[in-house]
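Quick notes on the structure that follows.
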There are 2 protein chains.
Amino acid sequence: MTEQRPRTRIQEKNRAMILEAALDVFSQHGFRGATLDQIAKAAGLSKPNVLYYFASKEAIHGELLAGLMDTWLEPLRALDDNGDPVGELLDYVERKLEMSRDMPRESRLFAGEVLQGAPRFGAFVTGPLKTLVDEKAALIRGWVEAGRIARVDPYHLIFAIWATTQHYADFDTQVRAILQPEDNEHFDDARVFLRGMYSGLLRPDGSH
Amino acid sequence: MTEQRPRTRIQEKNRAMILEAALDVFSQHGFRGATLDQIAKAAGLSKPNVLYYFASKEAIHGELLAGLMDTWLEPLRALDDNGDPVGELLDYVERKLEMSRDMPRESRLFAGEVLQGAPRFGAFVTGPLKTLVDEKAALIRGWVEAGRIARVDPYHLIFAIWATTQHYADFDTQVRAILQPEDNEHFDDARVFLRGMYSGLLRPDGSH
DNA sequence: GTCTATATAAGGATAGAC
DNA sequence: GTCTATCCTTATATAGAC
């Protein structure tokens, strides 16, 4: 449980600074690889002072994950039954790719957790995430059966979208080593590539 | 440098047991998260005995990575200029998917390294891996220009293939939480899905 | 609220008996 | 070659002064 005791502005500011620093450190080194020294230094505080705001290293990590869950589910949640199916799914791809560009640390934080078997947020994966995926897979299946998109397996489609978009955040080091982009212009190429791939895949039979 | 002094059969057997155990532990917990105690226990040896065979924790990890590099590059290396382009690329997808099914620990070991910025094998990524990717991207570009496959960006195609196939190993926990497969039958569905997606993507214009 | 100093534990590595 | 015992560093967390 997060403490609900009221906090002053300076408290909130310090907590936010610690969480920001912790996102940096945890996403780069993983939970075990991160140290409180690194987090404290990145936050510009002493180690005991960090522990004045959070009960433990585990507590910082947990609060980070908890705070990001909604953000993480939001693009899939936005998939709308009333929109144009192909357009909705292409928008989803685009939104996920933007998140890889704009929130790569968050992506790597989640990726590291899942990679290790989700020891600290298995409940999120088997709970809210699975529930939402099941719901949206049913929606996609409905589009398939109505002939509004091509015949694809909804679950593997969702996995493919996750994989191809998150790849640019999670494997950023590798992508940059190979493409050697200035700034982030490779995200534009990725966008074009993925739009082409998924629009071809999803286009219902005979519509081209 | 690896010692080149000759080793007895029992030495080779113990080294192999340690590496096998270390692959288990490193792939699940990452370099920092893994402990020599865990590796020793999994190998059925005492901790000092493990260090009799390997100079350090780092040495075990390094030898694991080094020993897997060739295996990891092999499928892409097999992409053959003389074969049918679409068939060659679909075979590559299939081979990579099989590796995710049959060597998930190896996939997660590499994924964990890249996720953390490849601190211990950046040289592999910027060296042999990049060289091979550049070479095969040129090959694919040739196929595009000859009109033998559809117009796609070779690099982003390779990234997409990596992402969509390795996802089933690296995010195994998440995939299983959502699909709840008996055994590994979801790999068959993934195979069908990915074959469909990539054959549609790669088919040259007007060939269907 | 913030710091210095420190308690305590975990983990990598070594010494030395067998 | 293999083990027990131990060294020593690192890292989480706490005590207590200010």
Side-chain angles (χ1 to χ4, degrees), chain A residues 1-65 112 116 119-120, chain B residues 1-65 109 112-113 116 119-120:
Chain A
M1 270 303 164
T2 305
E3 294 186 27
Q4 288 304 334
R5 174 165 28 133
R7 300 191 190 98
T8 65
R9 286 149 238 81
I10 189 169
Q11 279 177 329
E12 282 305 340
K13 180 167 152 288
N14 276 344
R15 286 178 59 90
M17 279 177 54
I18 292 167
L19 288 174
E20 163 65 24
L23 177 57
D24 247 38
V25 177
F26 281 133
S27 67
Q28 187 178 351
H29 301 285
F31 178 77
R32 193 62 157 52
T35 69
L36 285 174
D37 272 317
Q38 292 174 303
I39 295 170
K41 187 176 181 184
L45 299 171
S46 69
K47 193 162 48 167
N49 206 7
V50 168
L51 290 171
Y52 170 80
Y53 287 99
F54 291 91
S56 65
K57 180 182 174 181
E58 192 93 37
I60 303 174
H61 192 259
E63 191 136 327
L64 261 187
L65 286 179
Q116 302 194 356
R120 276 170 291 271
Chain B
M1 271 301 163
T2 306
E3 292 184 27
Q4 287 303 333
R5 175 165 26 131
R7 299 191 191 100
T8 64
R9 288 149 235 83
I10 188 168
Q11 278 177 331
E12 283 303 342
K13 180 168 153 287
N14 276 343
R15 285 177 60 89
M17 279 178 52
I18 292 167
L19 288 173
E20 164 64 24
L23 177 56
D24 247 38
V25 177
F26 281 133
S27 67
Q28 187 178 352
H29 301 285
F31 179 77
R32 194 63 157 49
T35 69
L36 285 175
D37 273 316
Q38 291 174 301
I39 295 170
K41 187 176 181 183
L45 298 171
S46 69
K47 192 162 52 167
N49 205 8
V50 167
L51 291 171
Y52 171 78
Y53 287 99
F54 292 90
S56 65
K57 177 182 175 181
E58 192 93 37
I60 304 174
H61 191 259
E63 191 137 325
L64 260 187
L65 284 180
L109 184 73
E113 281 300 301
Q116 302 194 355
R120 277 170 290 271

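Residue numbers start from 1 in every chain, and the chains themselves are labelled A, B, ... in the order their sequence lines are given, proteins ahead of strands. These numbers were taken from a predicted model, which means no experiment stands behind them.
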Which nucleotide in the set [options] lies at the smallest distance from any side-chain heavy atom of [X]?
X: A:Asn49; options: C:dG12, D:dG1, C:dT2; result: C:dT2
X: B:Tyr52; options: C:dT2, C:dA15, D:dG1; result: D:dG1
X: A:Gln11; options: C:dG1, D:dC3, D:dT12; result: C:dG1
X: B:Arg32; options: D:dG1, C:dG1, D:dA11; result: D:dA11
X: A:Tyr53; options: C:dG1, D:dG1, C:dA13; result: C:dG1
X: A:Thr35; options: D:dA11, C:dG1, D:dA13; result: D:dA11
X: B:Pro48; options: C:dG1, D:dA13, D:dT4; result: D:dT4
X: A:Lys57; options: D:dA13, D:dT4, C:dA5; result: D:dA13
X: B:Lys47; options: C:dG12, C:dC3, C:dG1; result: C:dG12

Starting at atom [atom1] of [X], determine the distance to atom [atom2] of [N], rounded to an integer number of angstrom.
X: B:Leu36; N: C:dA10; atom1: CG; atom2: P; result: 16 Å
X: B:Ile39; N: C:dG11; atom1: CD1; atom2: C1'; result: 12 Å
X: B:Ile10; N: D:dG1; atom1: CD1; atom2: P; result: 7 Å
X: A:Lys41; N: D:dT10; atom1: NZ; atom2: P; result: 15 Å

Plane angle bin for A:Phe26 and A:Phe31 - parallel if under 30°, tilted between 30 and 60°, otherwise perpendicular: parallel
Full working for side-chain contact (heavy atoms from CB on, under 4.5 Å) between B:Arg32 and B:Gln116: CA-CA 11 Å; B:Arg32 194 63 157 49; B:Gln116 302 194 355; 5.9 Å; no
Taking every non-hydrogen atom, the tightest pair across A:Ala21 and A:Ala43: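 Of all heavy-atom pairs spanning A:Ala21 and A:Ala43, the closest is CB-N, 3.6 Å.
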Heavy-atom pair with the smallest gap, counting every atom of A:Leu19 and A:Leu64: O-CD2, 3.7 Å
Full working for side-chain contact (heavy atoms from CB on, under 4.5 Å) between B:His61 and B:Leu109: CA-CA 10 Å; B:His61 191 259; B:Leu109 184 73; 4.0 Å; yes
Touch class at under 4.0 angstrom, heavy-atom based, for A:Leu51 against every strand present: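 Answer is base: heavy atoms of A:Leu51 come under 4.0 Å of a base.
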Sugar-phosphate only, base, or nothing, as touched by B:Ala34 at under 4.0 Å among non-hydrogen atoms: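 Result for B:Ala34 = sugar-phosphate.
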Short side-chain N/O contact from B:Ser56 to OP1 or OP2 of C:dT14, under 4.0 Å: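 Result: no.
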